[in-house]
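One-based numbering, in listed order, for ligands and for the atoms of each.
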Amino acid sequence: MVKIGASILSADFSNLKEEIKKAEDAGVDFFHVDMMDGHFVPNISMGIGIAKHVKKITKLPVDVHLMVENVSLFIDEFKGMDYITFHIEAVRFPFRIINKINEINAKPIVAINPATPLDAIEYILDDVYGVLVMTVEPGFAGQKFIPVMLKKIRKLKSLIVENSYDTKIFVDGGINIETAPKAVKAGADAIIAASAIFGKGNVQESVKQLREAIRGVKYG
Ligand code: DX5
Ligand code: ZN
């Protein structure tokens, strides 16, 4: 089944614990924590402390999305997290990063910005747990899904299928009830949403609608 990840970037931070509980009760499959350093992306969000709090509050897997320039500086700090997502644009030696992530028993996911060609990750595909396809320019919640990214997701899926890899495709950015089914049809195994889950007032209802929108939708 296609998984739904809740990005806490649009959550009410004065009530983070309740927001997480609500999303958990609504049936999301994992949490996504967007960490930004103001250099790799033009925004600063949350740091290691928040990710650790989230991990303490929930029993669901936690994915840390590192939108930072110095990836290797942070990996050891994230011991205990389930997935660590790093950007291919930020690293010079991706196999070293993958090894470091495996060493702390987390699953490595490589993120790829909208304009970066898939060639950049071709040779690491079999060594990562997943690929996070960015469908907006990273840095902010609430942006519009870039339509041509559907083509990229489909191309990536073909590459994975042709090589019989079991790499998972995560899709992040501008996911809502209109774009989610399109992403799943193109090959997404997991969709991640911030504003469509936390930005509409009723978390329970929002997750239900998102789940409904992808019900029965298959790659093809
Ligand atoms: C963007 C982040 C996304 C973001 C998604 O830089 O990586 O995870 O929170 O926000 P929405 O779902 O509102 O596009
Ligand atoms: Zn993200």
Present, as a list of atom pairs with distances to 0.1 Å, all nitrogen or oxygen contacts under 3.5 Å between ligand 1 and the protein.
residue	atom	partner	partner atom	Å
ligand 1	6 (O)	Gly139	N	2.7
ligand 1	7 (O)	Asp34	OD1	3.0
ligand 1	7 (O)	His65	ND1	3.2
ligand 1	7 (O)	Asp172	OD2	2.9
ligand 1	8 (O)	His32	NE2	3.3
ligand 1	8 (O)	Asp34	OD1	3.2
ligand 1	8 (O)	Asp34	OD2	2.9
ligand 1	8 (O)	Asp172	OD1	2.7
ligand 1	8 (O)	Asp172	OD2	2.9
ligand 1	9 (O)	Ser7	OG	2.9
ligand 1	9 (O)	Asp34	OD2	2.9
ligand 1	12 (O)	Ala194	N	2.8
ligand 1	13 (O)	Gly142	N	2.8
ligand 1	13 (O)	Ser195	N	3.1
ligand 1	13 (O)	Ser195	OG	2.5
ligand 1	14 (O)	Gly174	N	2.8

When Ile, Leu, Val, Met, Phe, Trp and Tyr are grouped by side-chain heavy atoms lying under 4.5 Å apart, directly or through other members, which residues fall in the same group as Phe93? none
Rounded to the nearest 0.5 Å, the OG1 atom of Thr179 sits from the NZ atom of Lys144 at a distance of 10.5 Å
Report the residues that fulfil side chain to side chain donor-acceptor pair (under 3.5 Å) with Lys3, sequence neighbours left out, ordered by chain and then residue number. none
On the ring face of Tyr219, is Lys157 found with NZ or CZ under 6.0 Å from the centre and within 45° of the axis? yes
Which protein N, O or S atoms lie under 2.8 Å from the Zn ion (ligand 2), given by chain and residue number? His32 NE2, Asp34 OD1, His65 ND1, Asp172 OD2
Is there a chain of hydrophobic side chains (I, L, V, M, F, W, Y, each step under 4.5 Å between heavy atoms) that links Val136 to Ile44? no
Quick one, Thr116 with Asn113, criterion side chain to side chain donor-acceptor pair (under 3.5 Å). Give me CA distance, side-chain angles, the key distance, then yes/no. CA-CA 5 Å; Thr116 305; Asn113 280 339; 4.9 Å; no
With a 6.0 Å cut-off (strictly less than), is the heavy-atom count around NZ of Lys56, excluding the residue itself, greater than 12? no
Decide side chain to side chain contact (heavy atoms under 4.5 Å, CB included) for Leu9 and Asp34; before the verdict, give the C-alpha distance in whole Å, the side-chain angles of both, and the deciding distance to 0.1 Å. CA-CA 6 Å; Leu9 194 57; Asp34 286 308; 3.7 Å; yes
Should the ring pair Phe170 and Phe30 be called parallel, tilted or perpendicular, given that the plane angle runs from 0 to 90° and is split at 30 and 60? perpendicular
